[in-house]
2 protein chains.
Amino acid sequence: MPDTPPPLDAAQLGAYFALMEVAGLLRHAVEQQLREAGDLSYVQFQLLARLGLDSPSGSERMTDLADGVVYSRSGLTYQAGLLDRRGLVTRSPSTDDERSVIVAVTQAGRDLVARVLPGHADSIRRLLFGALTDDDVAALSDVLGRVREHMRATPPRSARPRAGRNRTA
Amino acid sequence: MPDTPPPLDAAQLGAYFALMEVAGLLRHAVEQQLREAGDLSYVQFQLLARLGLDSPSGSERMTDLADGVVYSRSGLTYQAGLLDRRGLVTRSPSTDDERSVIVAVTQAGRDLVARVLPGHADSIRRLLFGALTDDDVAALSDVLGRVREHMRATPPRSARPRAGRNRTA
DNA sequence: TATTGTTATACTCTATAACTATA
DNA sequence: TATAGTTATAGAGTATAACAATA
């Protein structure tokens with residue numbers, strides 16, 4: 001016991017709880033909307049959106065996708081498999097490096113994103129931004145952007161070189 | 001198709017993505033810390049903390065707990081069952097209303113929260129507040145607090161009176 | 001040997017629906 | 001009839017470890 005450091009001051013607690021609750025509710029709502037509009041989970045949407053909107057080529061390596069979406073490798077394989085089966089992405093071995101797999105959005109994938117996007121944006125505008133001014137949004141974006149940078153810099157899941165000995169106690 | 005309303009402006013997109021990523025990473029980290037420190041999920045911690053820190057009596061009705069923790073009833077029953085089995089809470093029928101079940105933290109539950117709390121606060125301070133000034137925290141708390149109020153006012157999961165007809169398409 | 005990705009497997013969590021009991 | 005809670009069940013998602021293949 002490191003002698004009970006003062007947990008968090010009131011403002012910090014408020015910010016933390018508000019963040020978690022808001023993000024939780026928002027994600028819940030968004031998942032629901034995406035599921036109804038396109039039978040997609042949030043993660044699947046993220047993958048499609050990243051490929052379709054971010055990548056110029058519409059394709060990326062598995063590893064690079066995993067880096068951007070937090071997942072474990074196997075989790076990404078699972079999700080990519082689901083998208084593949086629905087014809088929303090294709091997977092093919094890279095010609096450069098035969099170990100790599102290139103995931104590419106299909107036209108069907110792009111269409112689906114396009115179909116789902118307006119409702120998605122709508123949910124967010126309504127729930128998240130419904131009570132905020134432009135200044136609020138700017139402040140939020142600024143502060144959270146800095147937190148994100150900070151978090152990305154901090155090793156989030158790397159501190160795990162040694163396998164084994166990790167259960168219950 | 002409602003004729004493609006402009007999705008979201010750049011600032012909104014930035015705030016939205018930052019929020020989701022920050023909350024996701026934070027929750028991931030916090031889950032891990034809680035799991036290691038006390039073999040608790042975030043939800044379980046929330047339940048214990050709510051009972052131990054918020055409720056003066058250390059007890060609450062199932063329904064009231066469910067309202068505060070978003071879950072479905074059955075999900076709460078499941079979690080309460082887990083906590084009960086570990087001796088962290090007890091469940092007993094209310095004397096007022098025999099339909100109700102009163103969940104109460106045990107001393108073991110309080111001890112566990114106390115044991116886990118410092119590390120929990122530590123993670124948050126480090127990850128979430130590590131790059132922020134007091135002003136940032138205040139701004140965050142203010143804006144997100146308002147969003148929370150707004151979201152709570154908006155019916156999040158109520159619009160679901162009719163059962164049935166809800167699958168795939 | 002290190003990296004990329006898949007597979008097998010086990011487990012946690014969540015939701016729905018059916019059900020019981022009290023108000 | 002409405003409310004409180006449980007149970008059964010099914011499904012989605014995630015993580016770990018073992019594995020195969022290429023660099």
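Here is how names work: the chains are called A, B, and so on, in the same order as the sequence lines, proteins then strands, and each is numbered from 1. Worth saying up front: this structure is predicted, and the values here are computed from it rather than measured.
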For [N], does OP1 or OP2 lie under 4.0 Å from any side-chain N or O of [X]?
X: Arg35(A); N: dG13(D); result: yes
X: Thr63(A); N: dT3(C); result: no
X: Arg91(A); N: dG5(C); result: no
X: Arg73(A); N: dT6(C); result: no
X: Tyr71(A); N: dT14(D); result: yes
X: His28(A); N: dA15(C); result: yes
X: Gln79(B); N: dT14(C); result: yes

What is the distance, to the nearest angstrom, from the [atom1] atom on [X] to the [atom2] atom on [N]?
X: Asp97(A); N: dA20(D); atom1: CG; atom2: P; result: 20 Å
X: Phe45(A); N: dG13(D); atom1: CZ; atom2: P; result: 15 Å
X: Gln32(B); N: dT12(C); atom1: CD; atom2: C1'; result: 16 Å
X: Gln46(A); N: dG13(D); atom1: CD; atom2: P; result: 13 Å
X: Tyr78(B); N: dC13(C); atom1: OH; atom2: C1'; result: 6 Å
X: Glu60(B); N: dA4(D); atom1: CD; atom2: C1'; result: 15 Å
X: Leu65(B); N: dT6(D); atom1: CG; atom2: P; result: 11 Å
X: Arg61(B); N: dA4(D); atom1: CZ; atom2: P; result: 5 Å

Among the clusters formed by ILVMFWY side chains lying less than 4.5 Å apart, do Leu51(B) and Tyr78(B) turn up in the same one?
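No, no single cluster joins them.
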
Are Val105(B) and Leu82(B) joined in one hydrophobic group, where the rule is that I, L, V, M, F, W and Y side chains link up if heavy atoms are under 4.5 Å apart?
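No, Val105(B) and Leu82(B) fall in different hydrophobic clusters.
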
Evaluate the criterion salt bridge (Lys or Arg N to Asp or Glu O under 4.0 Å) for residue pair Asp111(B) and Arg115(B); output intermediate values, then yes/no.
CA-CA 6 Å; Asp111(B) 291 348; Arg115(B) 181 144 35 99; over 6 Å; no

5' precedence on DNA chain D between Thr95(A) and Arg27(A) (nearest-nucleotide basis)
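Result: Arg27(A).
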
Nearest heavy atom decides the nucleotide; on that basis, is Tyr42(A) or Leu76(B) closer to the 5' end of DNA chain D?
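Mapping each residue to its closest nucleotide by heavy atoms, the 5'-most match is Leu76(B).
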
Heavy atoms under 4.0 Å, any strand shown: does [X] hit a base, just sugar-phosphate, or nothing?
X: Thr77(A); result: base
X: Ser94(B); result: nothing
X: Leu82(B); result: sugar-phosphate

Measure from the side-chain heavy atoms of Arg99(A) and tell me the nearest of dT6(D), dT4(C), dA23(C).
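For Arg99(A), the side-chain atoms sit closest to dT4(C).
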
Arg146(B) and Glu149(B): salt bridge (Lys or Arg N to Asp or Glu O under 4.0 Å), yes or no, with the steps?
CA-CA 5 Å; Arg146(B) 259 178 296 139; Glu149(B) 290 318 305; over 6 Å; no

Compute the ring centroids of His150(A) and Phe129(B), then answer whether they are less than 6.0 Å apart.
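Centroid separation for His150(A) and Phe129(B): 6.0 Å or greater.
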
Donor-acceptor pair under 3.5 Å, Ser74(A) side chain vs dT16(D) base:
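Flag set: donor-acceptor pair detected.
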
Salt bridge (Lys or Arg N to Asp or Glu O under 4.0 Å) between Arg126(A) and Asp122(A): does it pass, once the steps are laid out?
CA-CA 6 Å; Arg126(A) 191 161 28 82; Asp122(A) 236 54; 5.0 Å; no

